[in-house]
Amino acid sequence: MQLGYVNMEGKWPSKQDAPEFRAKAEHFIHQCQDISMRLLSCLASGLGFPEDFFTKCHDVTQPDCQQTLRCLHYHDITGKSFPDTYWRAGSHTDFDTLTLLFQRPGENGLEVCPGRKASTEFAHGDVWAPVHPEEDEIVCNIGDMLMHWSDDLLKSNFHRVRAPKVGENQKARYSMAYFNQANKSAVIQGKTKYTTPITAGEFLLAAMERNYRALQELQESQGMGVSIPV
Ligand SMILES: O=C(O)CCC(=O)C(=O)O
Ligand SMILES: [Fe+2]
């Protein structure tokens with residue numbers, strides 16, 4: 001389930017089904033926005049941009065706002081074993097500027113791949129480290145937009161979610177990701193390397209096309225076709 005600031009009319013669960021859901025979700029989203037803007041202000045200053053630079057690019061009062069809270073539910077797989085090619089979430093970087101990731105103690109599986117040589121590498125075969133959930137901790141992932149804005153100084157990190165094996169906690173995993181995605185019309189432009197301006201809307205489209213092509217190539221190399229939903 002994905003929640004945001006725009007185009008939400010008619011998408012909230014009804015008051016009868018989940019009486020407090022909307023108010024609680026909106027309160028949480030506002031808290032995520034608040035802490036994100038504080039973090040992004042620090043990052044803007046560190047990168048030599050004005051302190052309010054990223055805040056202005058992630059403006060929730062604008063109709064082209066793309067801030068999103070993704071609520072994830074990975075199913076209970078107790079007693080089931082899957083091949084090593086099976087992931088709860090496959091290796092990827094986030095397309096956004098900065099992600100706040102919330103996970104629950106005991107629901108392990110998140111792994112990160114520190115270090116990255118190029119934005120187009122898909123990190124197969126690299127060294128992965130687990131990020132175990134801790135009470136009161138928020139995992140922050142640098143995304144592709146911030147990597148671009150910082151001319152590759154801040155690397156967007158590959159991460160994935162492993163499927164637990166028989167003997168481990170195979171119960172459901174719930175997590176939430178607050179994606180700080182710049183407003184569609186915000187211009188992403190570095191100072192030294194990525195000096196050609198690109199809007200965040202174009203940037204997201206290009207990232208999705210690149211990931212889709214990479215998936216196609218991987219599946220073709222493994223002799224599997226990509227099935228396109230019709
Ligand atoms: O479930 C998780 O912890 C990871 C989710 C994630 O990486 C994503 O939705 O981009
Ligand atoms: Fe992610």
Side-chain angles (χ1 to χ4, degrees), residues 1-9 11 26 29-30 32-72 89-101 116-123 140-159 176-217 226 228-229:
M1 176 192 260
Q2 295 219 150
L3 307 171
Y5 290 82
V6 291
N7 299 327
M8 284 301 296
E9 277 327 303
K11 293 186 186 150
E26 283 182 338
I29 289 172
H30 290 140
C32 289
Q33 177 67 12
D34 181 56
I35 193 162
S36 297
M37 293 309 106
R38 284 192 270 159
L39 286 169
L40 285 177
S41 301
C42 297
L43 287 163
S45 301
L47 289 169
F49 291 109
E51 198 183 309
D52 62 355
F53 181 79
F54 290 131
T55 318
K56 284 185 174 159
C57 296
H58 299 77
D59 184 349
V60 296
T61 66
Q62 295 305 309
D64 68 342
C65 155
Q66 304 196 91
Q67 301 291 80
T68 303
L69 178 71
R70 181 181 292 164
C71 305
L72 289 140
S91 161
H92 68 280
T93 59
D94 294 340
F95 303 150
D96 63 344
T97 308
L98 188 75
T99 309
L100 306 186
L101 190 61
R116 174 182 194 184
K117 293 185 198 75
S119 57
T120 50
E121 280 181 18
F122 275 77
C140 298
N141 283 332
I142 288 166
D144 295 342
M145 287 183 177
L146 188 53
M147 182 160 168
H148 205 80
W149 252 313
S150 71
D151 295 303
D152 292 345
L153 186 66
L154 302 174
K155 307 270 193 287
S156 64
N157 61 305
F158 278 96
H159 52 283
M176 288 188 291
Y178 187 73
F179 295 106
N180 287 284
Q181 306 186 117
N183 292 32
K184 263 191 186 155
S185 59
V187 174
I188 305 178
Q189 185 177 21
K191 290 173 189 286
T192 53
K193 194 169 175 185
Y194 301 117
T195 51
T196 308
I198 178 169
T199 66
E202 292 164 342
F203 188 91
L204 281 182
L205 197 62
M208 282 178 208
E209 283 170 356
R210 192 179 63 236
N211 276 13
Y212 184 69
R213 268 200 311 276
L215 178 68
Q216 262 181 325
E217 280 161 23
V226 178
I228 300 164

Among all residues two or more places apart in sequence or in another chain, which pass the ring-ring contact (aromatic ring centres under 6.0 Å, His included) test with Phe54?
Phe49, Trp149
State the CZ-CD distance between Arg70 and Gln2, to the nearest 0.5 angstrom.
4.5 Å
Could you give the distance from CD1 (Ile29) to CE (Met176), rounded to the nearest 0.5 Å?
9.5 Å
Mind checking the CG-OG1 spacing from Asn157 to Thr93? Nearest 0.5 Å is all I need.
8.5 Å
Tell me every residue that passes side-chain contact (heavy atoms from CB on, under 4.5 Å) with Glu209, counting only those two or more places apart in sequence or in another chain.
Leu205, Arg213
Under 3.5 Å: donor-acceptor pair, side chain of Thr68, backbone of Gln66:
yes
Give every donor-acceptor pair under 3.5 Å between a side-chain atom in residues 32-41 and any protein atom, sequence neighbours left out.
unit_1, atom_1, unit_2, atom_2, d
Gln33, OE1, Gln67, NE2, 2.7
Gln33, OE1, Tyr178, OH, 2.6
Gln33, NE2, His58, O, 3.2
Asp34, OD2, Arg38, NH2, 3.1
Ser36, OG, Cys32, O, 2.7
Ser36, OG, Asn180, OD1, 3.4
Ser36, OG, Asn180, ND2, 3.0
Ser41, OG, Met37, O, 2.7

Enter the distance from Leu98:CG to Cys140:SG here, rounded to the nearest 0.5 Å.
5.5 Å
Of all heavy-atom pairs between Cys71 and Leu3, which one has the smallest distance, and what is that distance?
SG-CD1, 4.4 Å
Could you tell me which residues satisfy side-chain contact (heavy atoms from CB on, under 4.5 Å) with Pro63, sequence neighbours excluded, listed by chain and number?
none
Applying ring-ring contact (aromatic ring centres under 6.0 Å, His included) to His148 and not counting sequence neighbours gives Tyr194, Phe203
According to side chain to side chain donor-acceptor pair (under 3.5 Å), who are the partners of Asp96, at least two apart in sequence or on a separate chain?
Thr99
Test side chain to side chain donor-acceptor pair (under 3.5 Å) applied to Thr192 - qualifying residues, sequence neighbours left out:
Asp151
Test side-chain contact (heavy atoms from CB on, under 4.5 Å) applied to Leu204 and Met145, step by step
CA-CA 9 Å; Leu204 281 182; Met145 287 183 177; 3.8 Å; yes
Is there a side-chain contact between Leu47 and Leu154 in this structure, where contact means two heavy atoms from C-beta onward sitting under 4.5 Å apart?
yes
Kindly state each residue pair satisfying salt bridge (charged side-chain N to carboxylate O under 4.0 Å, His left out) with at least one member in residues 183-206, sequence neighbours excluded.
Asp152-Lys193
Mind checking side chain to side chain donor-acceptor pair (under 3.5 Å) for Thr196 and listing every partner two or more places apart, or none if nothing turns up?
none
Sequence neighbours excluded, which residues qualify as side chain to side chain donor-acceptor pair (under 3.5 Å) partners of Thr55?
none
Tell me the closest heavy-atom pair linking Ile188 and Ala200, and the distance in Å.
CD1-CA, 3.9 Å
Roughly how far, to the nearest 0.5 Å, is the CD atom of Gln181 from the CZ atom of Phe95?
8.5 Å
Are His159 and His92 packed together at the side-chain level, in the sense that at least one heavy-atom pair is separated by less than 4.5 angstrom?
yes
Would you name the heavy atoms of Cys65 and Val6 that are closest together and state the gap between them?
O-CG2, 3.5 Å
Do the side chains of Asp144 and Arg210 get close enough for a salt bridge, i.e. N-O under 4.0 angstrom?
yes
What's the separation between atom CG in Leu69 and atom OH in Tyr5, rounded to the nearest 0.5 Å?
9.0 Å
For Ala186, which residues count as a side-chain contact (heavy atoms from CB on, under 4.5 Å) partner, sequence neighbours excluded?
Cys57, Ala182, Asn183
Taking only residues at least two apart or on different chains, which pairs with a member in residues 43-57 satisfy salt bridge (charged side-chain N to carboxylate O under 4.0 Å, His left out)?
Asp52-Lys56
